[in-house]
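The structure under discussion appears below in the form of structure tokens.
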Amino acid sequence: MANVSIKRIEHDLFELSKFGFNEEDKGVYRQGFTDADMAARKWLINLLEQEGMSARMDGAGNVIGRYGEMDRPAVMIGSHLDSVPAGGIYDGTLGVIAGIECIRTIKENDIELDYPIEIVGTSEEEGRFGGMLGAQALTGSITLDWLEKAKDENGIMLKDAMAQHGLNHHDVLHARRDPKSLKAFLEIHVEQGPVLEAEKKSIGVVEGISGVFKWIVRLIGKADHAGTAPMNMRSDAFLGLADFAHQIQRIIDEEGTDKSRITIGHVALKPGFPHTVPGEVDFTIVGRDLDPEIMKGLANACRRVLSTIARRHRLMFEYEQMSWLEPQYCDTEVVDLIEQKTIDRGYSYMRMPSGAGHDVQFFSNITKTGLIFVPSVGGVSHAPDELTHWGDIEQGTNLLLDCVVELATDKP
């Protein structure tokens, strides 16, 4: 049984972390289509070529390396190269570097394959411009209208950011892959949550990506003087929010599962003055689950509860649904393969959903997919102190190798 070199993985991850590294807070600043991001892509192209692969960057900024000349569908391995501001060194990049290490190990052990392998470092996954551009482009999930309008929080247009690096945003539409050109897509990623560590498991066999709905909710009451308005005569918008927050666990208990999540992530009180009863509160609700029917149940329950609370506190209730993304499931055969290879290796594992979005969710629309999680220490991610132990990375990459070889080899 072939084994990867954790020393090479460690070296490459630290080399890649230099692009956008900030000495002051020790975070990585490599947002999509910045100078640091594009320099990292050039570095990756050079590394792929050094390992004997053909390498290129497509019109969406995805870097793609290919191992094997056979004219057959490819097994693709990958994840993203970009980071959030002040991010860690493992998020996304592990999936790219682990893929390269699989190629090295295959070559060193003279493993013969029947299908080519491709490594992809996708672009703009962290949503600087509001999507997962690279994966969406590769899977044909991008429109020209969106490309023309997409901008970041500072008002910088996507098309202008691309043009600064010699890229034409119209070429994003040419990045789409023919589904027949892919046999499967595999991604390894740090969990970005505390579950694996808490359960003392080395591997997460991911069954799918949770669906997500996002609402902006408004409860409207009456602003009043905090000293003269009697408590029983107020229309306090904040009390409506507080009551709803206390109902979240009950909603999940009655309508959801252990995989359900409801989060109030942003709150704005108006007028927001210490001596004034809040007359309005605007807040977000983000709900998640792996089952679309449960998602609908959670959303309906939120609506019912908010309506009841609004009447109780003499408030008006409004909401706007900003987005609704259906759950995406990994291929059952690939999930079973990952589980079996984990058992063969003797690694501890659990089946689990992903509450966060990943590139794999878009590839699920065009090919068989699988996603492997390795633990995040303390559940921390998107921060400089993001950490995954090298032993867990080694096990995860060995598992990835076994699955890739199996998928890239014809069974007798």
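We're numbering straight along the sequence, starting at 1. Heavy-atom basis, side chains included; hydrogens, waters and symmetry copies ignored.
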With a 4.0 Å cut-off on N to O distance, would you call [X] and [Y] a salt bridge?
X	Y	answer
Lys107	Glu51	yes
Arg250	Glu255	no
Arg41	Asp37	yes
Asp114	Arg72	no
Asp82	Arg128	no
Glu23	Lys18	no
Asp336	Arg351	yes

Is a side-chain donor or acceptor of [X] paired with a backbone partner of [Y] at a separation under 3.5 angstrom?
X	Y	answer
Thr284	His266	yes
Thr34	Arg30	no
Ser181	Asp178	yes
Asn300	Lys296	yes
Ser79	Glu187	no

Please work out whether the ring planes of Phe373 and His358 are parallel, tilted or perpendicular, with thresholds of 30° and 60°.
-> perpendicular
Any idea how Trp324 and Phe213 line up, ring-wise: parallel (<30°), tilted (30 to 60°), or perpendicular (>60°)?
-> parallel
Closest non-hydrogen atom pair between Gly357 and Glu125, with its separation = O-OE2, 3.6 Å
Within 6.0 angstrom of Lys42 NZ, more than 12 heavy atoms from elsewhere | no
Under a plain distance cut-off of 3.5 Å, with no hydrogens placed, do [Y] and [X] share a side-chain donor-acceptor pair?
X	Y	answer
Gln164	Asp160	no
His189	Asp91	yes
Asp359	His80	no
Ser210	Asp289	no
Arg218	Tyr319	no
Thr397	Glu101	no
His389	Glu197	no
Ser141	Gln136	no
Asn62	Arg56	no
Thr369	Ser364	yes

Is Leu167 close to Met57 at the side-chain level, that is, under 4.5 Å between some pair of heavy atoms?
-> yes
Testing Asp12, Leu16, Val96 for side-chain contact (heavy atoms from CB on, under 4.5 Å) with Leu47, which one passes?
-> Asp12
Assess Lys201 against Tyr349: is NZ or CZ under 6.0 Å from the centre of the six-membered ring, and within 45 degrees of the ring's axis?
-> no
Establish, yes or no, whether a centroid distance under 6.0 Å links the rings of Trp390 and Tyr90.
-> yes
